[in-house]
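Numbers restart at 1 for each chain; the letters A, B, ... are given by sequence-line order, proteins then strands.
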Amino acid sequence: MQTNPPKGEELDGNLIAPRLDKLARIRELGLSPYPDQFAQTHTLKEVVTFNPEAPDTPTKFAASGRLMRINHMGKSSFAHIQDDGHRLQLYFQKDTLGEESYSQFVDLFDLGDFLGAEGKLFKTRTGELTLRVEQYLMLSKSLRPLPEKYHGLQDPETRYRQRYLDLISNKNTRNIFVARTKVVSAMRHFLDSSGFIEVETPTLQPLYGGASAEPFTTRYRVLDRDFYLRISDELYLKRLVIGGLDRVYEICKDFRNEGIDRTHSPEFTMMECYQAYSNYLDMMDLTERLVAHIAVHVNGTTSAAFGDNELNFNPPWNRLDFRESILNTVGIDLDDFIEAKQLASESLKAGVKTNPELGLAKVQDQLFEATVVPTLIQPTFVHDFPLSMSPLAKELSDKPGYAARFEPYAGKMEFGNAFSELNDPQEQRRRFLMQAEAIKLGDAEAQQLDEDFIRAMEHGMPPTGGLGIGIDRLVMLLTGNQNIREVILFPSLRTLE
RNA sequence: GGGCCGGUAGCUCAGCUGGUAGAGCAACGGACUUUUAAUCCGUCGGUCGUGAGUUCGAAUCUCACCCGGCUCACCA
């Protein structure tokens, strides 16, 4: 839609002009439309907790916020100010303020302006807590109108492009992002108190790795070579475990140059943590406890409404063997197929199209995605993935061809990945070389050989469990949003010319 | 990328069997000293996403393009 993208210089039109006029009149009166400060006695959040009838209630409140509603009624006016998600009603009375002060409020203030007001609290006839204004001050003049007061801002495009308007007028939007912040802080708190230390590793990387994805490429001018925006921080965090940081984690943006849809954003936030002397089963346990802890911190309970379902993150979660999950769902036993083409044709019988030219692992993955994933509503660990799909994970000693790896699922959506980290450098080299074959087959997402990483591993790496959790998707699950754009403040959209 | 749906006033939406636009909120003027989606009277406000085409005449029909939503494909 062309209606709303900010046009910058064009501050005209008959909705803007009256505001500019008022701005000029404020200045003519020798007042500042943008004063330096206002001495608040209470935030709105605090004010709304008072009962005006209680004996210990202060006789003066000075509070401030954005004007969201004004009712002029001749010699008195009601208004609402909003701040930090809280609202307070103000009552302006000619008798209280005096003729000049009262009419200045009526003449010079618009919806959207910031205002500071001082006075006493009382309750209206209908019982609403209200501040009887004795003095007030313009704190900031607004030049553009707000979205409609009742319906708010509905248009999804404008909500994403001008998120500030969405935050002002839609309480639910605000709630989502407050919840998101709580998710991250609860995660940090849990990990910090479990002995993990938070680190920062490079966003710009000379080689990309740690995941299967196409990267964004950028030019590092001084070094005169291409760099990549990280698709993962895995290989750097493992170097740190090698360096003796036994429990590390990082929460950061990863970038993947791929499609955008309801569950994928090209830049998204990931938490990855690594714990020496543990394995993927320990990570499974960690995941359950971590997510349950976060859910309680955010929602007050381990359950969350998601679409038509009520998800319950209370441990223990379901556990589902990868091979068995496909066997039980479509009756195909992966162990019966060594060739990509065979499995692909068998999959097709079950109604699933795959790309056999990309190799067996890809076909297995596509079959799993199409058949098993849609059944995974309640939190579930899918474990023991085919080794060929897991170039950085250890092979299970009692299950050749399968990796000590799991992914947590909920709401038909993967939201993490974990394994017993491969720490045999010679085996790691072989795995990278297999990935090189996949690249030749046309798999644009296969992983690059990272000699420096192997060199680090050759110095000795302890047995280590690693876990990644997609923050955006976890927030989706805990806040009941089925679209990733609803949990990202400024989601990627095409630029408007 | 395919399919479907949408883009009309600042916002929320009508209008779409072709006759160049309406409502509510917002704004402006007026009435109103406990309103709260305040109410009542009056007024202003639109290159109907963009560009072509058909037509005497296009918001409306056709085509192309732009932007968004859903969906399928792709993508862990």
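Residue-level contact check: A/Leu111 touches the backbone only, with heavy atoms under 4.0 Å from sugar-phosphate atoms and none from bases. A/Gln482 comes within 4.0 angstrom of nothing in the nucleic acid, heavy atoms only. Residue A/Asn483 is classed as a sugar-phosphate contact, given heavy-atom separations below 4.0 Å to backbone atoms only. Heavy atoms of A/Gln89 sit under 4.0 angstrom from at least one base atom. Using a 4.0 Å heavy-atom criterion, one finds that A/Gly152 contacts the sugar-phosphate atoms exclusively. Across all strands, A/Arg159 comes closer than 4.0 Å to no nucleic acid atom at all (heavy-atom distances). A/Leu493 comes within 4.0 angstrom of sugar-phosphate atoms only, judged by non-hydrogen atoms across all strands, and of no base. At the heavy-atom level, A/Tyr91 lies under 4.0 Å from base atoms of the strands shown. Across all strands shown, A/Arg19 has no heavy atoms under 4.0 Å from either base or sugar-phosphate atoms.
Per the geometry, CD1 belonging to A/Ile484 stands 13 Å off P belonging to B/C70, to the nearest Å. For A/Phe105 and B/U33, the CZ to P distance is 16 Å, given to the nearest whole Å. Per the geometry, NE2 belonging to A/His151 stands 12 Å off C1' belonging to B/A23, to the nearest Å. Between the P atom of B/C28 and the NE2 atom of A/His72 lies a distance of 8 Å, rounded to the nearest Å. Taking atom CG of A/Asp155 as the reference point, atom C1' of B/U8 lies 13 Å away to the nearest angstrom. Between A/Asp113 atom CG and B/A27 atom P there is a gap of 11 Å when expressed in whole angstrom units. Rounded to an integer number of Å, the gap from CD of A/Glu99 to P of B/U33 is 13 Å. Rounded to whole angstrom, the span from the CG atom of A/Asn71 across to the P atom of B/A37 amounts to 9 Å.
Not a single donor-acceptor contact under 3.5 angstrom links the side-chain atoms of A/Ser76 to the base of B/U34. In this model, a side-chain donor or acceptor of A/Gln93 finds a partner on the base of B/U33 within 3.5 Å.
Using the Watson-Crick or G-U wobble rule with both distances under 3.5 Å, B/U39 pairs with B/A31. When both pairing distances are held under 3.5 Å, B/C25 makes a Watson-Crick or G-U pair with B/G10. Within the shown strands, nothing qualifies as a pairing partner of B/A59 under the Watson-Crick or G-U definition with both distances less than 3.5 Å.
Residue-environment remark: CD (A/Glu53) exceeds the threshold of 12 foreign heavy atoms within 6.0 Å. Dense packing is recorded around NZ of A/Lys60, with more than 12 heavy atoms of other residues, nucleotides or ligands lying under 6.0 Å away. Other residues, nucleotides and ligands place more than 12 heavy atoms under 6.0 Å from the NZ atom of A/Lys399. In the displayed structure, A/Lys341 atom NZ is contacted under 6.0 Å by at most 12 heavy atoms of other residues, nucleotides or ligands.
Between A/Arg132 and A/Gln154, the one whose closest nucleotide on RNA chain B sits nearer the 5' end is A/Gln154.
For B/C28, the OP1/OP2 oxygens have a side-chain nitrogen or oxygen of A/Lys22 closer than 4.0 Å. Here A/Arg69 does not reach the OP1 or OP2 of B/A37: none of its side-chain N or O atoms lies under 4.0 Å away. For B/G69, the OP1/OP2 oxygens have a side-chain nitrogen or oxygen of A/Arg485 closer than 4.0 Å. Here A/Arg161 reaches the OP1 or OP2 of B/G68: one of its side-chain N or O atoms lies under 4.0 Å away. One finds a side-chain N or O of A/Arg494 lying less than 4.0 angstrom from the OP1 or OP2 phosphate oxygen of B/G68. For B/C70, neither phosphate oxygen OP1 nor OP2 lies less than 4.0 angstrom from any side-chain nitrogen or oxygen of A/Arg262.
A donor-acceptor pair is defined here as one N or O able to donate and one able to accept, closer than 3.5 Å; such a pair exists between the side chain of A/Arg66 and the backbone of A/Gly112. Within the 3.5 Å criterion, the main-chain N or O of A/Ser101 finds a donor-acceptor partner in the side chain of A/Tyr136.
Annotation: cation-pi pair A/Arg473/A/Phe415 absent, no NZ/CZ under 6.0 Å from the ring centroid and within 45° of its normal.
The same atom, P, is picked in B/C13 and in B/G19; the two are 25 Å apart, to the nearest Å. Rounded to a whole angstrom, the distance from the P atom of B/A9 to that of B/U50 is 10 Å. For B/C44 and B/G10, the C1' atoms lie 14 Å apart once the distance is rounded to whole Å. B/G46 and B/A21 are spaced 13 Å apart, taking the P atom of each and rounding to whole Å.
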